[in-house]
> 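Please find one structure pasted underneath; my questions will follow.
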Amino acid sequence: MKRTAYLADLTSAHLDQTVTVQGWVARRRDLGKLIFIDLRDRSGTLQIQIEPESPAFAEADRMRGESVAEFTGMLRLRPENQRKAGSGAYELIADRATLLSLAVTPPFELSKGREVAEDIRLKYRYLDLRRPEMFEKLKMRSQVSAAITAFLTAEGFLNVETPLLTRSTPEGARDFLVPSRQTPGEFYALPQSPQLFKQLLMIAGVDRYFQLARCFRDEDLRADRQPDFTQLDIEMSFVEQDDILDVSERLLRHLFKTVLNEELPDPFPRLTYQQAMNTYGSDKPDLRFGLPLVEVTELFRGGAFTAFASAPSVKVLATSELTRKQIDELERVAKQNGAGGLAWLRREGEGFSGGISKFVGDMATELITRTGVKEGGTLLLAAGEWKKAVTALGAVRNALRDLLSLATEGFQVAWITDFPQLNYDEDSGTWTYMHHPFTAPHPNDLALFGTERQHEIRAQAYDLVLNGFEIGGGSVRIHDPAVQQQMFGAIGFTPEAASEQFGFFLDALSFGTPPHGGIAWGFDRLMMVMSGAASIREVIAFPKNNRGSDLMAQAPSAASGAQLAELGLQVEVGSE
RNA sequence: GGUCUGGUAGUGUAGCGGUUAGCAUAUCUGCCUGUCACGCAGAAGGUCGCGGGUUCAAAUCCCGUCCGGACCGCCA
């Protein structure tokens with residue numbers, strides 16, 4: 001029999017009517033003769049009452065936790081002193097019960113939820129997803145996805161799909177390869193992003209494109225990274241950077257308003273890359289708390305503390321009183337993030353004790369003034385080459401956030417702009433692109449190409465940062481072939497090499513390319529932050545663990561000899 | 001590749017040289033007609049991840065390994 005309604009949709013209109021409900025047995029309370037069952041479906045729960053004389057009794061008596069059941073009976077208002085909110089105001093007096101599917105004892109108690117080890121939840125993901133908390137995340141994701149589609153469609157964007165089986169191009173990440181059966185020895189690559197395709201769509205005249213695109217990168221995982229993930233990919237023609245930022249802002253404000261009823265600022269704050277790094281030690285600063293890095297390089301220059309005396313950069317963080325153990329832990333963080341060490345000082349009156357205090361005698365007053373450190377408070381200092389020093393202290397800043405619960409409630413969004421166009425790779429001694437090789441440099445900086453100041457070239461590239469997570473990034477693209485040549489030249493691509501690797505794309509650029517640019521949002525990350533989840537896995541229906549394996553489906557798995565033969569492949573498994 | 005951290009009944013945990021390996025919950029049985037984390041009584045359930053070592057004695061200490069998790073490298 002068809003169910004009357006979802007459990008949470010039963011209202012006073014159904015009161016004293018015969019209704020049929022279906023769902024899972026969330027809990028069973030057997031009082032001997034009288035049985036109560038809490039039935040759960042995706043909408044909520046409803047208490048079912050089975051009286052001992054009821055024809056439903058024998059069937060209900062067989063039901064166990066997580067079994068699927070159907071009940072028909074009269075919907076009643078609960079006794080007044082027992083009513084709860086929503087469907088908790090009602091109960092169903094069953095006169096017919098059907099056990100649709102008896103469940104074996106589940107491997108974990110669904111009601112324990114969060115307390116259960118994640119690998120067990122992942123192995124039995126379909127059970128984990130029965131938990132209301134998990135269902136709510138799936139639901140929110142679907143709502144955001146629908147809102148994105150509606151908003152961008154209304155703005156004139158076209159949703160276009162791009163291939164998943166495509167060509168490997170030398171971009172940033174490692175590709176996942178798919179062997180070709182029809183041409184043995186050749187491989188497709190799964191796209192790291194639809195980057196080239198979306199630019200080709202601009203060349204094709206689509207003008208405004210978006211797609212919720214699956215992307216694949218074969219790199220090590222993190223709490224906010226999966227090997228296959230979803231990107232909201234956007235590209236627009238005949239626009240400048242501010243046009244792209246404007247659409248992005250309006251879209252994000254719309255999503256937060258409609259889905260979370262949260263107001264985001266208009267406009268979003270903007271920080272340049274330089275400002276973000278210098279002040280917060282990160283290109284994705286968490287702006288839910290202050291704690292800026294303070295500049296003290298010249299205070300220590302030529303001083304008694306030799307480690308700092310000639311350092312290009314010395315930065316300091318002022319925080320509350322910390323224990324030695326906490327400082328040791330923070331030093332570990334600093335070292336893991338590239339610092340040689342983490343110096344510290346404790347304010348005592350108008351001077352300092354502990355740590356490197358014997359070196360700071362005459363600069364104590366100036367340190368106190370600049371940092372505003374309170375009595376008993378701690379200063380944490382890192383020195384070195386500017387980027388190393390600020391990065392290490394930026395990591396310490398985030399560690400302090402976690403240690404002292406500094407982050408405020410809610411959402412803090414910002415644009416990070418003016419990223420460097422080029423990055424010097426110390427290991428290989430070569431220049432590389434920071435964003436991607438088609439990113440347009442700032443027009444005012446073009447003259448710096450090929451000079452020793454080319455690291456100062458600013459790109460028309462920007463990241464969208466939310467609560468310390470990079471949730472989006474994009475750029476204006478190069479549409480001038482001469483600039484493209486300069487860019488390839490800077491990163492050591494000869495015209496031949498460029499043509500070999502991006503030939504079809506460079507051909508396309510030569511046939512009339514509009515000025516264009518775009519952005520890609522990490523959709524999973526956005527959902528993670530919006531839903532307050534601690535990991536990206538919480539907002540993906542069937543995620544992979546930290547080692548890239550799907551504990552439920554047990555992927556990846558070995559291929560059979562026949563499959564390999566058909567593909568012309570042989571496998572050598574790592575022998576030492 | 002590296003750093004840190006964990007692995008004890010189905011689940012969550014205590015124990016950290018000598019315990020019958022404890023507790024909670026789930027499971028099973030009995031009792032119970034207004035419960036709602038129902039209650040009460042009882043039962044069953046553990047190669048203490050795996051291998052080696054130290055010791056009279058190892059869940060406990062040491063080494064290795066496997067499996068989780070966080071981070072660094074990596075991820076335009």
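Basis for what follows: all heavy atoms, side chains included, without hydrogens, waters or symmetry-related copies. Numbered from 1 within each chain, the chains take letters A, B, ... in sequence-line order.
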> Just name whichever nucleotide pairs with C74(B), Watson-Crick or G-U, keeping both distances under 3.5 Å, else none.
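Answer to the pairing question: none, since C74(B) forms no Watson-Crick or G-U pair.
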
> For the CZ atom on F187(A), are there more than 12 heavy atoms of other groups (residues, nucleotides or ligands in this structure) within a distance under 6.0 Å?
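Yes.
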
> Distance-only, no hydrogens or angles: does the Q82(A) side chain make a donor-acceptor pair with backbone N or O of P79(A) under 3.5 Å?
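Judged by distance alone, no pair lies under 3.5 Å.
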
> Just compare G69(B), C36(B), U33(B) and give me whichever is closest to any side-chain atom of K84(A).
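Within the option list, the nearest is C36(B).
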
> CD of E80(A) versus P of U35(B): gap in Å, rounded?
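Atom CD in E80(A) sits about 16 Å away from atom P in U35(B).
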
> Output the rounded distance in Å from CD1 (I37(A)) to C1' (C36(B)).
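In whole Å, C36(B) C1' and I37(A) CD1 are 13 Å from each other.
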
> If each of S535(A) and K33(A) is mapped to the nucleotide of RNA chain B with the nearest heavy atom, which maps nearer the 5' terminus, i.e. the 5' end?
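Counting from the 5' end, the first nearest nucleotide belongs to K33(A).
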
> For a quick check of understanding: with a heavy-atom distance under 4.0 Å over all strands, which category does A395(A) fall into, base, sugar-phosphate or nothing?
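Result for A395(A) = nothing.
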
> Between R29(A) and C38(B), is there a contact of a side-chain N or O with OP1 or OP2 at under 4.0 Å?
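Yes.
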
> Output one letter per nucleotide in nucleotides 1-8 of chain B: B when a protein non-hydrogen atom lies under 4.0 Å from the base, S when only the sugar-phosphate is that close, - when neither is.
BBBS----

> Give a yes/no on whether any side-chain N or O of N545(A) is located under 4.0 angstrom from OP1 or OP2 of G68(B).
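Indeed, a polar side-chain atom of N545(A) lies that close.
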
> With rounding to the closest Å, how many angstrom separate the P atoms on G12(B) and G49(B)?
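Going atom to atom, P in each nucleotide, I get 14 Å.
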
> For U65(B) versus U3(B), give the span between their P atoms, rounded off to a whole number of Å.
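Straight-line distance between the two P atoms is 11 Å.
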
> Between G45(B) and C61(B), how far apart are the P atoms? Round to whole Å, please.
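To the nearest whole Å, 29 Å.
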
> Using 4.0 Å as the upper bound for N to carboxylate O, is an ion pair formed by E59(A) and R96(A)?
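No, no charged N to carboxylate O under 4.0 Å.
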
> Is a donor-acceptor contact shorter than 3.5 angstrom present between the side chain of Q47(A) and the base of U35(B)?
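Per atom types, the contact qualifies.
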
> By nearest heavy atom, map V116(A) and P79(A) onto RNA chain B; which one lands nearer the 5' end?
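Of the two residues, V116(A) wins.
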
> Just name whichever nucleotide pairs with A41(B), Watson-Crick or G-U, keeping both distances under 3.5 Å, else none.
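Answer to the pairing question: U29(B), which forms a Watson-Crick or G-U pair with A41(B).
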
> Consider the side chain of R217(A), meaning its heavy atoms from C-beta on, and name the nucleotide among C32(B), C75(B), G12(B) that approaches it most closely.
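Nearest listed nucleotide: C75(B).
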
> If U60(B) has a Watson-Crick or G-U wobble mate with both distances under 3.5 Å, name it; if not, just say none.
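Partner of U60(B): none found under 3.5 Å.
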
> Between E329(A) and R332(A), does any side-chain N to carboxylate O distance fall below 4.0 Å?
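Between R332(A) and E329(A) there is a salt bridge, with a charged N closer than 4.0 Å to a carboxylate O.
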
> Determine the interatomic distance between P on U55(B) and the same-named atom on U60(B); round to the nearest Å.
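Going atom to atom, P in each nucleotide, I get 16 Å.
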
> The side chain of A223(A) lies closest to which of these nucleotides: C67(B), G69(B), A70(B)?
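My answer, after comparing the listed nucleotides, is A70(B).
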
> Please determine, for U47(B), whether a Watson-Crick or G-U wobble partner exists with both distances under 3.5 Å, and give it or none.
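By the stated definition (distances under 3.5 Å), nothing pairs with U47(B).
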
> Please give the distance between the P atoms of U47(B) and A9(B) as a whole number of Å.
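My reading of the P atoms in U47(B) and A9(B) gives 7 Å.
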
> Answer yes or no: is there an ion pair linking R217(A) with E219(A), defined by an N-O contact shorter than 4.0 Å?
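No.
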
> Give me the atom names and distance for the closest heavy-atom approach of M277(A) to D283(A).
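Nearest pair, atom of M277(A) first, then D283(A): SD-N, 3.5 Å.
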
> In whole angstrom, give me the gap between the P atoms of G17(B) and A26(B).
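Approximately 33 Å lies between the P atom of G17(B) and that of A26(B).
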
> What is the distance from CD of E219(A) to C1' of C74(B), rounded to the nearest Å?
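Interatomic distance, CD of E219(A) to C1' of C74(B): 5 Å.
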
> Base, sugar-phosphate, or nothing for L221(A), non-hydrogen atoms under 4.0 angstrom?
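Contact class for L221(A): none.
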
> Using the P atom as the reference point in each nucleotide, state the distance between U19(B) and C28(B) in Å, no decimals.
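Approximately 34 Å lies between the P atom of U19(B) and that of C28(B).
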
> What residue pairs, at least two apart or across chains, pass side-chain hydrogen bond (donor to acceptor under 3.5 Å, both in side chains) with a residue in residues 459-476 of chain A?
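Qualifying pairs: T439(A)-S475(A), S475(A)-R477(A).
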
> Please report the distance, rounded to the nearest Å, between CG in L190(A) and C1' in C75(B).
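Value for this atom pair: 16 Å.
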
> Please determine whether a side-chain nitrogen of the Lys or Arg among R40(A) and E66(A) lies less than 4.0 Å from a carboxylate oxygen of the Asp or Glu.
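The answer is yes: the pair qualifies as a salt bridge.
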
> Whole-Å distance between C67(B) C1' and L122(A) CG?
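Distance, rounded to whole Å: 14 Å.
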
> Using both distances under 3.5 Å as the test, list the Watson-Crick or G-U wobble partner of G22(B), or none.
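WC or wobble partner is U13(B).
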
> Are T162(A) and Q211(A) close enough that a side-chain donor and a side-chain acceptor fall under 3.5 Å?
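Distance-only check passes for T162(A) and Q211(A).
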
> At 4.0 Å (heavy atoms only), tell me whether E470(A) reaches a base, stays on the sugar-phosphate, or touches nothing.
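Counting heavy atoms under 4.0 Å across all strands, no contact is made by E470(A).
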
> Can you check whether N546(A) has a side-chain N or O nearer than 4.0 Å to OP1 or OP2 of A70(B)?
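Affirmative; the distance criterion is met.
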
> What contact category does I35(A) fall into here, base, sugar-phosphate, or nothing, at under 4.0 angstrom with non-hydrogen atoms?
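No contact.
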
> Does a donor on one side chain and an acceptor on the other come within less than 3.5 Å for Q47(A) and R29(A)?
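Per modelled atom types, Q47(A) and R29(A) side chains form a pair under 3.5 Å.
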
> Can D328(A) and R324(A) be counted as an ion pair, charged N to O under 4.0 angstrom?
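Answer for the salt bridge query: yes.
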
> For the residue pair R397(A) and F289(A), would you count it as a cation-pi contact if the rule is NZ or CZ under 6.0 angstrom from the ring centre and within 45 degrees of the ring axis?
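Checked: cation-pi criterion met.
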
> Answer yes or no: does a side-chain N or O of R537(A) lie under 4.0 Å from OP1 or OP2 of A70(B)?
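For R537(A), the contact criterion (side-chain N or O under 4.0 Å from OP1 or OP2 of A70(B)) is met.
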
> Hey, are E118(A) and R537(A) close enough for a salt bridge, meaning a charged N less than 4.0 Å from a carboxylate O?
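Salt bridge between E118(A) and R537(A), a charged N being under 4.0 Å from a carboxylate O: yes.
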
> Please work out if Q421(A) contacts a base, only the sugar-phosphate, or nothing of the nucleic acid, heavy-atom cut-off 4.0 Å.
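Result for Q421(A) = nothing.
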
> What is the distance, rounded to the nearest whole Å, between atom CZ of R28(A) and atom P of G39(B)?
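R28(A) atom CZ is separated from G39(B) atom P by 14 Å.
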
> Would you say the base of U11(B) stacks on F108(A) (centre-to-centre below 5.5 Å, plane angle below 30°)?
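Per 5.5 Å and 30° rule: no stacking.
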
> How close or far is atom C1' of U33(B) from atom CD1 of I93(A), stated in whole angstroms?
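In whole Å, U33(B) C1' lies 12 Å from I93(A) CD1.
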
> Could you run down the sub-3.5 Å N/O contacts of the protein with nucleotides 26-28 of chain B?
from: A26(B); atom 1: O4'; to: E109(A); atom 2: OE2; distance (Å): 3.2
from: C28(B); atom 1: OP1; to: R64(A); atom 2: NE; distance (Å): 2.8

> Using atom C1' in both nucleotides, what's the gap between G22(B) and G15(B) to the nearest angstrom?
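That atom pair is separated by 7 Å.
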
> Categorize P107(A) for me: base, sugar-phosphate, or nothing, with a 4.0 angstrom heavy-atom threshold over every strand shown.
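Sugar-phosphate contact only - P107(A) comes under 4.0 Å of backbone atoms but never of a base.
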
> Please name the nucleotide paired to G6(B) by Watson-Crick or G-U wobble geometry with both distances under 3.5 Å, or report none.
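Result: C67(B).
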
> Has the side chain of E118(A) got a donor or acceptor atom sitting under 3.5 Å from an opposite partner on the base of G68(B)?
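Such a pair does not exist between side chain and base.
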
> Please report, rounded to the nearest Å, how far the P atom of C67(B) is from the CD1 atom of I120(A).
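The distance from CD1 of I120(A) to P of C67(B) comes to 16 Å, rounded to the nearest Å.
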
